[in-house]
Amino acid sequence: MDLEFGASYQRLREEVREFCAAHWPPRGEEAELPPRDQAIRFRQRAIEAGILFRTVPREYGGAGGETDVLSETVIRQELDAARTPHRSSVQGTHMLVPTLLECGTEEQKQSYIAKTLTGELRWCQGYSEPGAGSDLASLQSRAELDGEHWVLNGQKIWTSQATEADMMFGLFRTEPEAQKHAGISYLLVPMDTPGIDARILKMINGGQDFCEVFFDDARVPAANIVGRRGEGWKVSRSTLKHERLLIGDASGARRSFDGLLDLARRAQRGGQPAIRDAGVRQRLAEIEGYVASQEYAVARMLTAIHKNEDMKVMNEMLMAKLLSTNTGQLVARLAMELLGDEGLTMPTAEDAAMGIPSEYTDSYWVSHSMMTLGTAIAGGASNIQRNIIGERLLGLPRDPRKG
Amino acid sequence: MDLEFGASYQRLREEVREFCAAHWPPRGEEAELPPRDQAIRFRQRAIEAGILFRTVPREYGGAGGETDVLSETVIRQELDAARTPHRSSVQGTHMLVPTLLECGTEEQKQSYIAKTLTGELRWCQGYSEPGAGSDLASLQSRAELDGEHWVLNGQKIWTSQATEADMMFGLFRTEPEAQKHAGISYLLVPMDTPGIDARILKMINGGQDFCEVFFDDARVPAANIVGRRGEGWKVSRSTLKHERLLIGDASGARRSFDGLLDLARRAQRGGQPAIRDAGVRQRLAEIEGYVASQEYAVARMLTAIHKNEDMKVMNEMLMAKLLSTNTGQLVARLAMELLGDEGLTMPTAEDAAMGIPSEYTDSYWVSHSMMTLGTAIAGGASNIQRNIIGERLLGLPRDPRKG
Amino acid sequence: MDFSLSEEQELLQDTVRSYTANECPPPRVREVFDGESGHDADLWKGLVEMGLAGLAVPEAHGGAGLGLLDSALVCEVLGAGAVPAPFLGHTLAVLALRLGGSAPQQERWLPALASGDRLGTVALGEAGGAWAPEEWTLSLQGERADGAKTRVPAGPEAGLVVVGGAGGALGLVDASAGGLRWSAEDSLDRGRRLYALELEEVPIETLAPGTGARVRDAALVLLAADAFGAGTRLVRMAVDYAQARQQFGQPIAAFQAVKHQLANMALDIDPTRGLFWYAAHAFDHLPEESARAAALAKAHITDRAMQVARDAIEIHGGIGMTWECDAQIWFKRALFDRQWAGTPDTHRARLADLGGW
Amino acid sequence: MDFSLSEEQELLQDTVRSYTANECPPPRVREVFDGESGHDADLWKGLVEMGLAGLAVPEAHGGAGLGLLDSALVCEVLGAGAVPAPFLGHTLAVLALRLGGSAPQQERWLPALASGDRLGTVALGEAGGAWAPEEWTLSLQGERADGAKTRVPAGPEAGLVVVGGAGGALGLVDASAGGLRWSAEDSLDRGRRLYALELEEVPIETLAPGTGARVRDAALVLLAADAFGAGTRLVRMAVDYAQARQQFGQPIAAFQAVKHQLANMALDIDPTRGLFWYAAHAFDHLPEESARAAALAKAHITDRAMQVARDAIEIHGGIGMTWECDAQIWFKRALFDRQWAGTPDTHRARLADLGGW
């Protein structure tokens with residue numbers, strides 16, 4: 001058992017660190033460019049240096065090499081630590097690109113991948129619909145082939161940053177008579193197509209990260225289909241095999257816990273910092289048990305995946321989501337208690353945005369304690385997760401009503 | 001709104017108090033009698049004085065008068081406070097007697113009621129079976145009519161004090177071809193019938209309150225049926241209308257909470273009484289919220305029932321059980337934490353017995369923290385309770401699989 | 001023994017419920033919530049005409065002379081409807097005068113409060129979550145006051161402000177006299193907007209000592225009642241949504257897991273009703289139990305209501321997280337009730353002390 | 001980075017698991033549990049022959065020279081089987097000598113402990129729940145000791161007793177020297193019986209200062225591992241029962257509410273494995289993190305395991321409350337692990353201190 005990353009990874013870590021120091025933040029005239037252009041340049045250089053998108057072939061704009069889960073973790077940690085803009089259009093780089101590599105035509109690969117990796121081309125994902133949340137197979141948006149075009153009608157929801165994206169990849173029902181999963185196709189949709197209307201969906205905390213997208217006879221070239229007609233469901237799941245390289249490193253949970261400790265130091269309780277209160281200490285210590293459990297579960301997953309022993313960590317993989325949801329709820333409840341009066345005002349727009357906060361301010365915690373409600377929902381409601389654990393890990397009977 | 005019982009009930013309270021002072025504990029040569037005989041005499045006198053069994057007609061051995069829910073509560077509080085043995089065979093007095101009054105033959109009433117009220121005749125209840133817990137309708141024990149006798153075969157479980165009881169009232173399947181609830185009859189079974197074997201079922205805490213009862217061709221007179229053949233299910237539910245007079249007064253929850261406070265005063269935490277620890281105080285205060293909620297819910301129920309406005313308190317009536325279970329679990333968890341090392345040894349036999357403790361000793365709390373597990377089960381598992389709340393109060397769809 | 005509401009009390013609730021349901025249904029609640037001021041003058045006028053402004057004002061001064069329980073019952077209805085009305089601050093101002101005002105003070109102010117000619121409010125909290133009377137620092141010595149208070153309801157709409165000061169004293173400020181500087185806080189519950197208040201050389205009259213703690217206790221009871229109303233409504237909203245929302249070919253309410261979550265929500269909030277009834281009753285009739293009962297009601301009910309609010313959002317799924325879903329309005333109502341005047345933990349610590357633990 | 005077990009460690013677990021499954025299946029566990037002494041001499045002999053008695057003894061003294069993680073992995077398997085064996089106390093005695101014994105002391109005792117000729121145990125706790133080394137009062141001044149300890153495993157079966165004394169010191173007592181008065185406590189976990197120990201003028205040798213706290217930390221890790229094993233087994237027992245038990249015409253596991261309860265149980269205990277792995281690793285390799293990691297593992301895992309135990313009983317319904325249901329044996333195993341050497345709250349308070357909060 002060894003919790004250090006070891007010498008070879010230490011070398012990689014230092015290389016990445018040096019790269020970051022050399023290239024971020026930008027200097028000279030590059031510092032004058034708009035932030036988005038700065039970020040695109042940074043990502044271009046990181047790809048050239050073999051740091052980002054290491055397994056995407058060179059001919060499509062990647063670094064074209066090998067990688068492993070530990071290397072990816074080390075690289076991500078360093079890119080995060082230096083606050084570099086390495087995450088561009090995550091939907092694009094982590095969902096669309098693997099899908100195109102797997103199922104796209106040569107022309108699609110050539111057209112889209114390179115620009116997506118740098119962030120020149122920004123994508124949004126069109127899967128969820130108002131009537132199809134956990135039950136994605138019941139989606140209703142349709143695409144009808146009319147000569148050389150798909151004609152799109154319907155509505156998508158929970159589309160992150162749809163108002164900023166250039167393109168959407170989405171699932172549309174092309175064979176209306178087919179049942180459920182069958183009859184769905186995977187289409188690429190330029191967002192400036194006439195008949196498409198993206199509206200920001202304001203969130204409970206004032207955040208504006210999500211959109212609804214409405215399609216009213218929007219016409220998209222017939223060639224914009226990935227994989228075969230009616231097989232969109234399968235195509236959309238072809239990214240799953242890439243996800244094993246993307247295990248979260250739980251450092252987010254630890255950073256958030258450290259932020260909670262800071263809040264407990266700032267907050268007053270009976271004339272002293274709340275962190276001196278025996279009850280608050282107990283609750284913090286209890287939460288740390290969950291946070292540390294997550295950290296070690298991730299360490300175990302990284303190890304097993306690195307050794308190609310994924311089967312050993314099925315439990316961890318299937319439980320990760322719900323564990324993190326539960327911990328988030330505990331954190332949110334204690335934060336709300338510690339916030340006191342701060343819980344009576346709205347978070348700032350910056351703190352209401354999703355993503356990793358640069359600082360754990362009181363306003364961040366107000367936002368967080370509301371947004372943790374969403375973690376029980378996003379990416380599969382907690383009840384669905386419990387079904388999965390019950391059925392796949394414990395071997396319990398499947399719900400009779402499904403499908 | 002008035003939380004006092006008021007003048008007329010105050011008078012009743014004083015009368016009962018005086019009665020208790022005069023008759024319990026017994027004096028003179030009566031004090032030499034075996035405890036059970038002392039208890040029987042006390043109950044006889046209490047009936048004669050119109051304090052116990054006020055609504056059971058005189059000709060069957062009751063006090064033959066009127067009562068109301070507040071009077072019953074006042075009387076019970078005083079009988080408890082004076083630690084009198086007013087509770088005899090609760091199964092007999094509170095389940096069998098109302099059933100006989102409702103559905104019994106004149107001969108059955110004459111034979112059984114009076115002696116049951118005093119406790120001369122002790123009853124056990126034969127409803128549950130190993131394969132029929134929450135799903136009582138699926139019970140399998142059968143009774144076949146053979147000339148002048150029912151021949152009983154099968155097994156009952158969770159039979160309180162079966163080894164001490166003189167008689168059992170129980171449900172047996174007499175029409176094996178009938179479905180579920182139909183085909184069940186309500187029989188009265190002398191426990192000394194050959195072919196009946198009652199065995200103590202030792203509990204997790206060492207307690208010996210429950211038994212299993214096995215029937216192997218045990219023959220019971222054909223006349224020992226209450227109500228009609230095949231209608232035992234209905235007969236067994238005829239007691240429900242009497243239960244409105246038996247609302248618990250939640251003083252048990254308050255006493256138990258006071259006992260928990262005492263435990264927190266005795267237990268040490270960081271060199272001082274645990275009750276001085278800010279974390280323990282928070283947890284106690286949180287529990288008190290639940291305890292007080294129970295008290296007021298009961299006060300509201302008493303009021304409404306007294307005014308014949310039962311419908312106003314349907315919520316309280318349907319939630320009482322689960323609320324008390326949940327509170328009990330919180331109490332048990334804190335008690336176990338406070339007990340520390342005491343939680344490593346078994347409770348005494350006295351503390352392992354069910355019922356209201358005379359003192360909240362450490363050993364009691366060890367037993368209690370195990371027995372609260374059972375409250376989630378006894379009298380309908382918590383999940384069944386949640387179904388009832390969901391379906392009857394919230395109007396949610398019924399589970400499709402039931403019945 | 002009679003632990004129930006009188007017919008008059010039930011009628012009061014029915015009347016307010018049906019009036020607010022008609023005049024301030026959810027679409028109107030949302031309009032005010034999203035509006036500029038968060039104040040609905042017409043609605044308040046209607047409530048004043050029903051007598052709510054004078055509910056706690058003695059009959060001699062033009063009010064209904066009712067007890068705290070009656071005001072709490074109104075709060076329950078207002079919380080259930082998330083009604084944007086300044087009832088909480090106004091009622092607390094009335095109580096401050098009733099409990100601590102001299103005869104001339106009562107004579108001067110109570111009729112105007114009862115008639116709704118003046119809107120009252122209370123400025124109790126100070127920066128850093130100082131809600132306990134013993135933590136207040138604003139000086140009420142002399143005839144003029146200087147200092148700052150936070151989280152004040154109604155703000156510039158108010159004509160009379162009851163201000164908490166050092167030693168738990170209360171002072172009366174006539175808002176029309178000038179010298180009050182209000183600044184809007186970015187309130188989470190936009191149906192009950194909050195303001196920071198700075199006083200500069202403002203004329204002030206003090207009320208009888210000890211009134212601060214009593215008014216704080218009354219606030220706790222009213223908040224608990226409001227949270228009870230909001231919580232029960234959130235259960236209803238979650239039930240209705242779960243009945244309507246189809247997934248996997250059936251309403252999600254038919255999934256046993258969802259059904260039990262809903263049952264647990266009902267079980268969380270419904271049995272707490274007696275806590276605020278009793279605390280309100282004790283406030284008027286059992287003074288020695290009043291402070292502790294108020295702390296218990298506030299701590300327990302607002303915590304349970306907040307849990308119900310979280311669960312209700314979860315039942316609604318993603319849509320529950322959006323501004324356009326009504327659940328967020330009630331969620332914030334419950335959150336206000338929980339955070340304003342001190343969090344549950346604060347009051348649990350107090351009730352432990354008050355219990356002599 | 002390699003957060004995984006070595007092949008040798010997996011083999012060790014497999015070997016102990018299959019041996020105990022064969023030699024001590026649930027019916028045998030119950031026999032010992034219900035038996036006179038709670039001790040199974042044949043079983044212990046078998047485990048000694050597998051090398052478990054010497055697992056932590058340096059190779060130079062006839063042991064396997066393995067780390068605390070290996071001992072913890074054995075505890076996990078023993079906990080999962082509710083195996084009635086004196087491994088915990090014995091291993092702690094070995095560690096006390098290994099960490100704090102002089103060369104002659106080690107020379108004299110370790111070979112006998114490794115070979116199983118002597119069974120070791122530890123007498124740490126004192127009346128009133130005094131488990132922290134700084135709370136111990138027994139005087140180890142001089143060459144003889146007087147005083148009382150409680151909750152001592154193995155008791156009269158032990159040939160060597162490591163006794164905790166004032167200042168967190170440890171002393172060695174040769175049980176064969178006489179002067180030890182054992183009295184059986186009415187142990188809840190009858191597979192690991194506890195005894196009160198009175199020492200009267202008993203010859204004693206001290207170990208190096210500071211060893212007491214280290215042995216306590218090791219105890220916390222081993223208890224956490226044992227509780228993890230017991231907890232995972234309880235989940236399995238509940239799953240098996242729910243699959244078999246029919247109600248309303250189907251296995252209760254098919255009810256979504258039950259299914260989710262079972263999923264929550266698995267989620268409660270399964271992810272905690274790394275806590276004891278890490279704490280055991282830190283004990284041998286990261287001394288500055290060791291005390292805190294041990295406290296965290298003990299507090300979190302034993303609390304989770306206890307919750308799982310409660311839930312498992314509830315899933316079993318009434319039958320789970322009976323002595324004849326095996327669940328009670330594992331429930332009491334988990335409860336022992338939780339209560340012995342200090343409750344979770346105690347260790348949470350410590351880890352807050354150790355974290356500089």
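Throughout, a chain's letter reflects where its sequence line sits, starting with A, and its residues are numbered from 1. Owing to the predicted nature of the structure, the values given are computational and were not obtained by experimental measurement.
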Do you know which of D/Asp345, D/Thr322, D/Val258 has the most heavy-atom pairs under 4.5 Å to chain B?
D/Asp345
Checked D/Gln328, D/Arg310, D/Gln246, D/Glu135 vs chain B; the most non-hydrogen pairs under 4.5 Å come from D/Arg310
Ring of D/Phe336, cation from D/Arg192 - is the NZ or CZ under 6.0 Å from the centre and inside 45° of the axis?
yes
With a 4.5 angstrom heavy-atom cut-off, is it the side chain or the backbone of B/Leu201 that approaches chain D, or both, or neither?
side chain
Interface moiety of B/Leu338 toward chain D, non-hydrogen atoms closer than 4.5 Å:
neither
When you check the side-chain N and O atoms of D/Trp323 and B/Asn205, is any donor under 3.5 Å from an acceptor?
no
Result of checking D/Glu185, D/Gln339, D/Glu126 against D/Arg151 for side chain to side chain donor-acceptor pair (under 3.5 Å):
D/Glu185
Geometric class of the D/Tyr195/D/Trp182 ring pair [parallel <30°, tilted 30-60°, perpendicular >60°]
perpendicular
Engaged part of B/Glu337 at the chain D interface, taking heavy atoms whose separation is under 4.5 Å
both
Charged N-O contact under 4.0 Å between B/Arg199 and B/Glu212:
no
Within the 4.5 Å heavy-atom criterion, are B/Arg269 and B/Ile275 side-chain neighbours or not?
no
Assess D/Lys149 against D/Trp136: is NZ or CZ under 6.0 Å from the centre of the six-membered ring, and within 45 degrees of the ring's axis?
yes
Less than 4.5 Å to any heavy atom of chain D: does that hold for the side chain of B/Val280, its backbone, both, or neither?
neither
Can you tell which of D/Gly249, D/Cys325, D/Ala132, D/Pro344 has the highest number of heavy-atom pairs within less than 4.5 Å of chain B?
D/Pro344
Where does B/Arg266 contact chain D at under 4.5 Å (heavy atoms): side chain, backbone, both or neither?
neither
Considering only heavy atoms, which portion of D/Arg338 lies under 4.5 Å from any heavy atom of chain B: side chain, backbone, both, or neither?
side chain
